[in-house]
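Please read all numbers here as calculations on a predicted model, not as lab measurements. Reminder, nothing fancy here: chain letters follow the sequence lines and each chain counts from 1.
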Amino acid sequence: MATVGHALLILALVVALYGVGASLYGARTGRRAWIDSGRRSMYAIAGLTTFAFLILEVAFLRSDFSYNIVASASSTTTPTVYKAAAVWSTQQGSLLLWVFLLSLWSSLALFLTRRRVREIVPYATAILLGFCTFFIGLTILFANPFRTTSPAPAEGAGLDPLLRHTTMMIHPPMVYTGYTMLTIPFAFALGALITGRLNAEWIQVTRRFALAAWLCLGVGVLLGARWSYTELGWGGYWAWDPVENAALMPWLLSTAFLHSIMIQEKRGMLKVWNVSLILATGTMAIIGTFLVRSGILSSIHAFVSDPTLNISFVVLIAAMIVSSVGLVIHRRAELRSESQLDSLLSREAVFLLQNLVLVALTAVIFWLTFFPLISEAFTGQEQSIGPPTFRPFVVPLALVVVLLSGIGPVIAWRRVTVANLRRNFAFPVAAGVTTAVVLLVGVSGVGGHTFALLMFCFGTFALAAVAQEFWRGVRARRAMTHEAAPLALASLVRRNRRRYGGYTVHAGLAVLLIGVAASSTFQHQRYATMKPGQSVMVDGYRIRYVRPTAVPSAQKISFGAVLAVSKGGHHVTTLRTTYGIYPSQDPSLGVIGRFFNSGSVESRIGLDAGPFHDIWTVVNAANVPPLQSFISEGDQKFGALMSSIARLPPSSQPAALNTLYALRDRLVAELTQRFVTHPWPVQFLLIVSPLVSWLWFGGIIIAFGGLIALWPVPALARRRVRSAAYAARLARELA
Amino acid sequence: MEFLLVVLAAAAVIVIVSTPFRRTEAETAEAQDEGKSTKVAELEAAREAKYREIRDAELDHRTGKLSDEDFRSVDNTLRAEAISILRALDRAQKR
């Protein structure tokens with residue numbers, strides 16, 4: 001079936017090229033048949049790539065090691081769920097996933113817009129098909145997932161242990177969905193620029209895709225952070241890694257875009273800004289994809305560097321930037337605003353300020369992410385940049401974002417009076433100030449952390465502002481309809497999904513950033529080397545190493561520890577952490593050594609997560625020094641035995657090898673058990689962090705708010721508004 | 001078997017992309033008419049945006065963000081803008 005998969009990709013490439021030509025010809029001549037045929041090319045590509053992706057999935061599920069990527073990223077002992085996810089752990093498979101998702105979402109967008117923005121659609125179709133052509137071309141030429149080897153190896157190398165995590169099954173598809181969906185508003189924006197149809201129509205058509213992309217990218221980023229926190233064994237959730245930043249930057253820009261398009265829709269303002277913002281977001285999505293694939297910046301998440309792939313991406317990104325800038329300049333006259341800001345005290349002004357802050361935040365992250373490359377270009381030496389470099393720039397800007405997320409909901413469009421401001425800000429400001437006073441008086445040491453204290457105040461301010469908005473909305477609704485409060489709340493949200501979904505997102509952001517500020521500022525961490533029975537103190541908690549555990553299995557050797565946590569003499573929790581070593585396929589490590597000295601390792605943390613603090617522990621049992629002499633001796637003896645077996649007649653070898661393997665497995669199991677019978681001191685990383693759960697909870701609230709905003713507006717609400725507007729027209733005409 | 005699968009996929013692709021060229025004249029004309037004129041679509045988008053703006057102002061007023069006086073002024077402006085859009089839309093639809 002590998003041949004079929006490869007043939008399907010070639011067919012998809014031909015169809016994509018045809019579709020670009022058909023769409024452009026249809027756009028130039030206005031011939032409907034060509035335009036429709038171009039659009040249908042995208043449907044055909046979606047079908048072909050779905051088929052190809054399924055072939056690859058089946059190969060992974062069946063452990064068909066004749067496929068090179070199956071042999072390199074899976075094995076018979078890999079659990080089935082991870083076999084399915086192993087497809088996107090490889091450069092080739094993940095590129096195919098990218099193409100598959102791109103064609104799928106593009107097909108959906110083109111289907112939904114087939115009777116709308118008719119002048120723009122053919123160009124948008126050609127651009128989306130252009131992206132398909134590029135990525136299918138890359139897959140065929142440089143990263144063919146259907147390459148095979150004959151004869152097939154008996155066993156595969158297995159999936160990287162770090163990727164054997166539930167979130168890793170969802171994280172990449174979510175991030176890729178975000179990236180690929182962002183190409184849709186990008187394509188429509190370019191189409192609008194080409195045709196000169198620059199009113200709010202293209203925005204209305206693609207807003208939902210921009211929002212869905214924002215939601216998926218956000219969920220993907222959060223899942224990545226969760227994976228980092230629970231799998232990587234360093235106790236953090238964000239390391240300002242280039243690949244993490246690559247997903248965050250388009251998310252920040254799309255956040256700005258989703259706010260500023262409201263101003264264009266309502267006031268016909270910020271046309272240049274909006275179109276530039278979405279073009280930058282789309283380009284940033286491709287830059288993010290490039291960073292993951294190129295390996296030009298060192299990252300734990302990046303694939304191995306491939307110069308030919310890199311050049312192709314640079315050409316695509318350059319083409320996107322040049323065409324975007326060129327078209328915006330060409331259409332600058334048509335992009336003039338239709339009106340001006342009525343007042344600096346208005347929601348429009350707050351949105352504008354928020355946009356500037358988000359773009360500044362993106363610019364800072366972009367600069368610092370690429371700084372190692374820039375420094376290398378100018379000085380010849382790559383300067384590495386770590387989290388401390390980001391903080392002084394990012395933290396103040398994040399504070400302003402949270403503050404504005406509280407101001408935005410309580411300020412009206414167009415104009416605000418001082419009396420209204422006083423009325424609307426009284427409660428949120430009081431809540432923020434009260435928080436500051438309570439923390440300064442009640443919690444020792446907070447006063448020394450100005451940024452954290454400000455984040456708590458601004459976060460509470462934003463939460464209070466959103467709560468006030470919900471309360472006032474429900475009260476207004478109840479005054480009109482006399483509904484019960486829960487029903488009034490549901491009706492209010494249902495009829496104003498975009499507004500209240502947005503408010504929910506603001507509340508989630510405040511909760512999330514309060515969690516980030518608390519956990520990063522007031523974290524207590526300690527490295528401790530302990531033997532069973534010993535204990536250490538971390539932030540008032542006594543953590544005792546109770547006993548070691550050891551589990552040898554066909555998949556991995558697992559050394560672990562049981563830890564008892566107590567406070568003030570009272571037992572708090574019992575934690576179990578393990579350090580897994582997956583056997584290496586490298587014969588140079590020795591028959592026994594390959595089980596203990598492999599680089600394929602994973603950490604399973606012992607975590608007690610609560611609403612106010614997390615107790616996070618991990619054991620590091622790498623190198624197993626007390627076993628090394630046994631391992632060396634075993635390698636020598638088993639090596640000699642292997643040589644003896646090689647000299648036996650071929651017919652006797654299998655039986656002798658089976659006996660040898662059984663002996664080897666027994667020795668490996670016995671050596672593993674020495675961790676329990678003759679325990680040696682091992683190193684632990686022990687962390688107590690406050691409010692980490694708020695981060696995940698805030699993320700869930702954001703996702704929930706995004707879903708509310710994404711949900712279609714009920715037809716009834718539209719009809720009611722329409723009738724009201726017609727009634728107003730009638731009244732005016734009669735007058 | 002594999003060759004047959006590829007041939008079937010290619011045949012399906014040809015059917016999908018060539019369908020618009022196999023339409024009868026009546027179907028082609030229908031497809032051409034299906035889309036609204038650009039002007040109408042543009043005005044409908046403007047009308048929807050204006051409706052949203054009116055609804056937002058009403059909600060801002062009900063939740064106390066706009067005083068009665070400010071609301072009257074904003075609402076009147078918005079409704080006037082909405083009426084001019086509706087008039088333009090009527091004119092465009094009659095053409």
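- The choice from P409(A), A419(A), G19(A) that makes the most heavy-atom pairs within less than 4.5 Å of chain B is P409(A).
- Annotation: the span from W202(A) atom CH2 to I120(A) atom CD1 amounts to 8.5 Å, rounded to 0.5 Å.
- In terms of non-hydrogen atom pairs under 4.5 Å with chain B, the most contact-rich of A412(A), A44(A), A476(A), G473(A) is A412(A).
- Judged by distance alone, with hydrogens and angles left aside, the side-chain atoms of T195(A) form a donor-acceptor pair with the main-chain N or O of G191(A) at under 3.5 Å.
- Cation-pi check for R114(A) over F111(A) is met; the charged atom lies under 6.0 angstrom from the ring centroid and within 45 degrees of its normal.
- Contacts between residues 5-13 of chain A and chain B, defined by a heavy-atom separation under 4.5 Å, are made by A7(A), L8(A), L11(A).
- Salt bridge annotation for D68(B)-R72(B): absent, with no cationic side-chain nitrogen under 4.0 angstrom from a carboxylate oxygen.
- Residue contact with chain B, scored on non-hydrogen atoms closer than 4.5 Å, involves the backbone of I411(A) exclusively.
- Neither the backbone nor the side chain of R39(A) comes within less than 4.5 Å of any heavy atom of chain B.
- Between K50(B) and E53(B) there is a salt bridge, since a side-chain N of the basic residue sits under 4.0 Å from a carboxylate O of the acidic one.
- For chain A, no part of S84(B) is nearby; none of its heavy atoms comes within less than 4.5 Å.
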Side chain to side chain contact (heavy atoms under 4.5 Å, CB included), that's the test. Do R472(A) and N424(A) meet it? Break it down for me. CA-CA 10 Å; R472(A) 285 185 176 174; N424(A) 290 318; 2.3 Å; yes

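- Using a 4.5 Å cut-off between heavy atoms, W34(A) touches chain B through backbone and side chain atoms alike.
- Once rounded to the nearest 0.5 Å, the distance linking CD of E469(A) with CG of L492(A) reads 9.5 Å.
- R475(A) does not touch chain B: none of its heavy atoms, backbone or side chain, sits under 4.5 Å away.
- Contact check on D56(B) versus R52(B) returns no salt bridge, with no Lys/Arg side-chain nitrogen under 4.0 Å from an Asp/Glu carboxylate oxygen.
- If you measure heavy-atom distances from V15(A) to chain B, the contacts under 4.5 Å come from the side chain alone.
- By the salt bridge (Lys or Arg N to Asp or Glu O under 4.0 Å) test, R477(A) is found to be paired with E483(A), residues two or more places apart in sequence or in another chain being considered.
- Neither the backbone nor the side chain of M262(A) comes within less than 4.5 Å of any heavy atom in chain B.
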Working note: I203(A) + F188(A), criterion side chain to side chain contact (heavy atoms under 4.5 Å, CB included); need CA distance, chi angles, decisive distance, verdict. CA-CA 8 Å; I203(A) 286 174; F188(A) 277 80; over 6 Å; no

